[in-house]
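Scroll down for the structure; my scribbles are underneath it.
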There are 2 protein chains.
Amino acid sequence: MTTRDKIIFAALRSFLTIGVDQTSLSNIADAVNIKKPSIYYHFKSKEDLINQCTFNILDDLEHRIDLSFEQIDSPREQLEALYECMIEFHKNLSLMVYENHHQIVNLTSFFQRASLESDQNKQRIDGYYHALQVKLISLLSNGQKQGIIKNAINKEIVSIDLIARIDGMITLSAIYEGANINTQRYGLYESVWDSLKAEHTPKKKKMLDYKSFDLGRKW
Amino acid sequence: MTTRDKIIFAALRSFLTIGVDQTSLSNIADAVNIKKPSIYYHFKSKEDLINQCTFNILDDLEHRIDLSFEQIDSPREQLEALYECMIEFHKNLSLMVYENHHQIVNLTSFFQRASLESDQNKQRIDGYYHALQVKLISLLSNGQKQGIIKNAINKEIVSIDLIARIDGMITLSAIYEGANINTQRYGLYESVWDSLKAEHTPKKKKMLDYKSFDLGRKW
DNA sequence: GTCTATACAAGGATAGAC
DNA sequence: GTCTATCCTTGTATAGAC
């Protein structure tokens with residue numbers, strides 16, 4: 001792991017837990033065991049560091065989403081795989097940045113802060129959501145062709161709604177005790193599919209092979 | 001308007017636009033046309049000010065939500081009224097804090113930041129969401145009794161989902177160009193109701209009397 | 001209740017030695 | 001590539017006059 005990578009790792013860790021503005025370059029330097037000015041050898045400024053973190057994380061997330069789409073044909077399972085992928089990504093981030101596992105990171109609020117930092121970030125983040133929406137619209141179309149998703153939907157709005165539901169639930173999990181994406185996601189999937197499926201669709205035969213989870217913790 | 005109120009107003013305006021951490025007491029003082037130390041006559045510290053803002057805004061929002069519930073019997077219209085109320089609240093905030101109307105404030109990210117500030121805030125925010133969930137569960141139960149909401153739902157998860165959908169869509173509107181709660185909300189209502197309604201429910205007869213909106217702007 | 005003056009800490013950033 | 005030393009700005013907060 002290069003020093004540069006260590007800095008990005010430490011920065012992200014702090015950005016996602018205590019927030020961008022409460023993260024000082026001194027703290028990052030301490031975490032990496034270097035001195036503050038050394039950061040400036042690798043990054044032009046704090047803004048530069050924030051930008052790199054944003055791009056790093058979005059490139060990774062998009063890549064994983066693409067992979068999860070490729071392996072599956074069925075629209076229903078594709079949608080679940082997408083949600084699983086996003087949740088797993090958040091979960092991995094949470095495990096990475098927190099010592100205990102009872103807290104979930106909130107990428108969305110980081111994205112919002114990053115959007116304010118530079119137009120470059122703003123566009124990158126907008127592009128991420130746009131790509132996601134395009135994927136979902138195509139997924140909905142496929143489902144309609146196969147007759148398993150009802151025709152009477154506004155795909156543009158439903159696709160936004162699908163993003164809002166998963167993003168919203170992850171965010172809620174971070175601030176509301178009653179929400180817990182880790183235990184409630186299967187209920188969410190049922191509920192989501194229920195709102196999309198064509199009437200008289202046969203019930204789903206088998207569950208996806210979800211990884212098992214540690215119990216006794218919130219996240 | 002007392003000086004105290006002016007300070008809260010100015011603080012909120014800045015908290016919701018550029019963020020809590022990028023708001024300095026000097027800026028707030030300038031906006032209110034007083035000097036920085038005068039703020040300390042009214043508030044013990046910046047943390048105190050953040051707490052007061054949180055409570056102010058949540059008391060107001062909860063009050064409006066209660067009012068919107070009281071006037072209506074039908075679960076479907078009650079749900080729409082709730083969403084309308086939350087959207088209108090955000091819209092009013094947006095008009096208040098921004099000079100132009102193309103941007104939407106994001107309360108959720110403010111809540112997250114406020115949660116980190118003090119346990120007092122954390123509990124207040126959690127309580128807000130809990131009250132909302134309780135209202136929604138009761139709404140769902142009523143709808144089931146009346147035979148217009150299907151029985152095969154997990155009310156606990158669906159109620160969380162309903163909160164996530166509106167909160168998520170408002171948040172998305174703030175960072176993704178393709179999302180616009182102002183123009184897409186009626187589509188959202190349709191989509192939401194569609195996912196709840198018992199099969200063979202007669203179509204809704206009349207629209208609620210929604211206020212008209214200025215066109216040609218995002219928010 | 002509001003001010004001036006000021007203390008004190010911490011932030012981002014640069015110069016220049018090694 | 002990393003360091004020490006340092007600059008400059010800004011932040012929160014307090015003392016004490018009016």
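So you know, we letter chains A, B, ... as the sequences are listed, proteins then strands, and number each from 1.
Near DNA chain C, defined here as any heavy-atom distance below 4.0 Å, there are no residues from residues 6-18 of chain B.
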Grab the N/O contacts between the protein and nucleotides 12-18 of chain C below 3.5 Å, and write none if there aren't any.
unit_1: dG12(C); atom_1: OP1; unit_2: K46(A); atom_2: NZ; d: 3.1
unit_1: dG12(C); atom_1: OP2; unit_2: L25(A); atom_2: N; d: 2.8
unit_1: dG12(C); atom_1: N7; unit_2: K36(A); atom_2: NZ; d: 3.0
unit_1: dA13(C); atom_1: OP2; unit_2: Y40(A); atom_2: OH; d: 2.8
unit_1: dA13(C); atom_1: OP2; unit_2: K46(A); atom_2: N; d: 3.0
unit_1: dA13(C); atom_1: O5'; unit_2: Y40(A); atom_2: OH; d: 3.3

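Atom CG of D30(B) and atom P of dT10(D) are 12 Å apart (whole Å). The separation between N33(B) atom CG and dC3(C) atom C1' is 14 Å, rounded to whole Å. As rounded to whole Å, 14 Å separates atom C1' of dT10(D) from atom CG of D21(B). Look at CG on L49(A): it is 15 Å from C1' on dG11(C), rounded to the nearest Å. If you take CG of N27(A) and P of dA9(C), they are 17 Å apart, rounded to a whole angstrom. In this structure, K35(A) atom NZ and dA5(D) atom C1' are separated by 13 Å, rounded to whole Å.
Bending across the helix from dG1(C)-dC18(D) to dC18(C)-dG1(D), expressed as the angle between its end axes from five pairs apiece, amounts to 10° (10° rounding).
Put simply, Y41(B) has a side-chain N or O that comes within less than 4.0 Å of OP1 or OP2 on dG1(C).
Take R113(B) and apply the salt bridge (charged side-chain N to carboxylate O under 4.0 Å, His left out) test, not counting sequence neighbours, and it matches D21(B), E117(B). Every residue meeting the side chain to side chain donor-acceptor pair (under 3.5 Å) condition with S24(A), not counting sequence neighbours, appears here in chain and number order: N27(A). In terms of the side chain to side chain donor-acceptor pair (under 3.5 Å) criterion, N142(B) has no residue partners (sequence neighbours excluded). Qualifying salt bridge (charged side-chain N to carboxylate O under 4.0 Å, His left out) partners for R4(A), counting only residues two or more places apart in sequence or in other chains: none. With sequence neighbours left out, D59(B) forms a salt bridge (charged side-chain N to carboxylate O under 4.0 Å, His left out) with R124(B). Not counting sequence neighbours, D5(A) has no partner by the salt bridge (charged side-chain N to carboxylate O under 4.0 Å, His left out) test. A search for side chain to side chain donor-acceptor pair (under 3.5 Å) contacts involving S159(B) returns Q133(B), not counting sequence neighbours.
Side-chain contact between T171(A) and D167(B) is absent, with no heavy atoms from C-beta onward closer than 4.5 Å.
Using a cut-off of 4.0 Å between Lys/Arg side-chain N and Asp/Glu carboxylate O, E88(B) and R64(B) are scored as not salt-bridged.
Note on residues 126-141 of chain B: pairs passing salt bridge (charged side-chain N to carboxylate O under 4.0 Å, His left out), not counting sequence neighbours, are D66(B)-K135(B). Judged as a side-chain hydrogen bond (donor to acceptor under 3.5 Å, both in side chains), not a single pair has a partner in residues 35-47 of chain A (not counting sequence neighbours).
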